[in-house]
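Data block below; observations after.
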Amino acid sequence: MKKNIFEYGIQGRCGYTLPQTAIDEYNIDSIDEKLLRKSKLVMPALNEHDISRYYRNLLSFDDGSVPSLNGEKFIIPIIEDMSRLDGFTGVHPYQLGDAEQGVLELMYTIEHMLDDMLGMDNVSFQAVSRMQGLLSLFALIKAYLKERKSDRREIITSKYICKDTVDFIEKLGFTVKKVNIDLKSIKQLYSENTFGVFIECDNYDFISNIKDVSEYVHDQNGVMIADVSNIRSIIGVARPGDMGFDCIMFDLEKIFGISYSENTETSWAVAVKEDFVQFMPVPFIDIDDLEQYYFNYNRPLSIGKVNEFYGNISALIKSLGYILSLSFDGLKRVSEINMLNKAYADKINPDIVLDPSESAGKELIDEYAVK
Amino acid sequence: MNRFVSSTSEQMNEMCSAVGIESVKLLFDFADSVKMNEPFALPEALSEYDLKKVMQNLAGRNISASDAVCFMGAGSYDHFIPSIVNKIMQVAAFDFNIINSNEIKKSIFDENREYMKRLTGMDAIGVNKRNTSDAIIEAIIIAKAETGRNKIVVSRAVNPEYRKVINTAAKAMNIDVEEIKCPDGDTEITEIDDSVMLLVAQSPNFFGIIEDMKFLSDTAHNVGALFTAIVDPVSLAILSTPAEYNADIAVGNGQSVGGTLYFGTPFMGLFAMNEALSKYIDDDICHANVLNALQSDVYMAYMGQGIEKVAKTCYSNACYTYEKLTATTSFRPLFNKPFYSEFAVKAVKKNVNDLNNRMLDYGMIGGYALKNEYHEFGNSWLIAVTEKRSADEVELFVKEASRLI
């Protein structure tokens, strides 16, 4: 059995140095004893050599698991490097506007790129976890319903929706009804108490009839809502906005290849059509008369904040890097290859269930299918 | 051909024949009714070098804590991060095993949990949340499920960012929120009634003041409410732990254990519970950020027992700065309560926002202007002094601040 980090060190060994402040130590005994820690804290004792050896060992450990093609993305070295620039990592979130123009411009630029790319009118990047994404989305809808003095509380979702999502929506006081996403079933289920349809775009079967569905839902004054994290393969071909969605959420990490795998650097963006913009989280980035970027808090009907500070800046840097490196043709090509890889993998081995990404390439899929 | 795609046109044609279609375009037939007519506008694809120029230009228009001396905290702290952290993270970002091997992931999280367990003393540590807000929302959901009640009481001395998130979440869940005032800097608690499901307090609080968490915790428990403590993990090396004051849930800002400022980019949200609530623990390692957990692990391994020294240095540096600053005629103390590494002073003359502007010209990032969120405290300045600040830096800061004001 391998030693863990706590067993690895040897008490007495020491690896740290701290900045030399030349300030004399103030005795913490001047703080009331009841506010101080009573139990003794024991930490591992390692020097840097131990640490580097330990983690090299840990990371090179091979438990024989087969590399998965599931959602594998290519990490672009230059983008990884750029996300570590001091000018990004060292910026304090409450700094003066003058001292943070670069990061504000970054946020502004990518927001407007995504508006176009998705056919929506406004994007907020404040949410970073799926829970915060769902909270923003449904708090928005609650505010919208309130504004319209509607007391509808029922939502229709795809029957494949994940349980956590249903649980969370129900906690917000909504009722969830599950159904196949096609016009006939939705018509059957749609009642006077229904405010909209929520779709998780996990496969694309829904797209062929989505236009009819959204036309019907809009005729009933309903809202079309979706989690479009998996639209990576139709970027450049179709846009959620054109499909009739009013409010969508998505994980930048999944769409723009930020890290190798899910849940490593999640950043849940929420995008809406015009009617919903007034309820979006604050602050949003704006440009003043002197062409300076600033945080605008003037959105009286906003749902408020769903997260401390402004979102996952690292994910925004990486997304922008990815978009700028590929441009429209590249993004579209990625979609085509994604779809083709999937079709090809299904053809040569229908038994394997995988979502081969564009970075896999033909050789790898052949190899994988043989396994 | 774009450098980021692996399949060549020949390969694609070959694959199309294998699939039995003439062109890859046919695969998108299902989207016929919603296809876009025109491409969206994007600049031409950038080369690696040109992308570097764009990014460096953006980064260059921000002032970072390595260009200027940072005395700002308010929820995001300029701590020292050793080189070995970045070195290991650069390797890990390209490491495939870390994603594929559940065993490696588990090792990383187990380490992380063990560190947090030792710091907080709590029984059950969940996989880390994305950040403090994320953990707080979870705490609200648990308190609601556990007590079935419908009201949150939150101290006004809790970071305003967290309070705003609590308000948004509570409103969406139809929960009432009541705020307790803090005229003297610490939470001035009166009785709470038995409709309260959750009492939320922070220590060190937004003003850096070390709260009497035992008293607050007892107050909550007296009426059967849960108590959630928002903590700074580093401070727990010297301050009373959530376990010692019987917190039901401890959440905290992991940024202080290995994270950079990064404009508030989420790093890690500590999420710990006592034994009675351990049934709510999310144990699924797939739900957490493995890279940030690793980063924090390496930081903690480097610091080891030295984490106590970090906490003590933060405390000493803050005390020193406080003494120097309040010895001038330009600033006077705002509160008279024990603090950890952050404190508030009242500026006698000039607006502290203007002062911050001037300080930047002298290469210093000044404190947080309290009146942005706390009108009752007027023209006050919240100063954070981490272990990075030296006597020279503090003296220069005090000299320029009292001169410019």
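Each chain gets a letter, A, B and so on, in the order its sequence line appears, and its residues count up from 1.
- Residue B/V19 touches chain A through both its backbone and its side chain, counting heavy-atom pairs closer than 4.5 Å.
- In this structure, the portions of B/Q305 lying under 4.5 Å from any heavy atom of chain A include both its backbone and its side chain.
- Contacts of B/K35 classified as salt bridge (Lys or Arg N to Asp or Glu O under 4.0 Å), with partners at least two apart in sequence or in another chain: B/D32.
- Counting all heavy atoms, side chain and backbone alike, B/A172 lies closest to A/L135 at CB-CD1, 3.8 Å.
- Of the two parts of B/F80, only the side chain, counted from C-beta on, holds a non-hydrogen atom closer than 4.5 Å to a non-hydrogen atom of chain A.
- For B/N357, the parts lying near chain A are the backbone and the side chain together; criterion is any non-hydrogen pair under 4.5 Å.
- For the pair B/T168 (side chain) and A/I303 (backbone), a donor-acceptor distance under 3.5 Å is present.
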Candidate pair B/I238 and A/R37, rule side-chain contact (heavy atoms from CB on, under 4.5 Å), full reasoning: CA-CA 5 Å; B/I238 57 171; A/R37 184 179 176 114; 5.6 Å; no

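- No part of B/D78 comes within reach of chain A, as not one of its non-hydrogen atoms sits under 4.5 angstrom from that chain.
- Not less than 6.0 angstrom separates the ring centroid of A/F88 from the ring centroid of B/F263.
- When the ring-ring contact (aromatic ring centres under 6.0 Å, His included) test is applied to A/Y26, no partner is found at least two apart in sequence or on another chain.
- Judged by distance alone, the side chains of A/Y54 and B/E111 do bring a donor and an acceptor atom under 3.5 Å apart.
- Counting only distance, with no hydrogens or angles, the side chain of A/D116 and the backbone of B/F40 share no donor-acceptor pair below 3.5 Å.
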side-chain contact (heavy atoms from CB on, under 4.5 Å) between B/M303 and A/M43, worked out: CA-CA 9 Å; B/M303 284 302 169; A/M43 285 290 175; over 6 Å; no

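- Not one N or O on the side chain of A/T21 forms a donor-acceptor pair closer than 3.5 Å with the backbone of B/R389.
- Here B/R130 does not pair with A/E308 in a salt bridge; the nearest charged N to carboxylate O distance is not below 4.0 Å.
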Worked check of side-chain contact (heavy atoms from CB on, under 4.5 Å) between B/L42 and A/M113: CA-CA 8 Å; B/L42 278 180; A/M113 273 179 183; 3.8 Å; yes

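- Heavy atoms of B/V310 lying under 4.5 Å from chain A belong to its backbone as well as its side chain.
- Taking the ring centroids of B/Y302 and A/Y16, they lie at or beyond the 6.0 Å cut-off.
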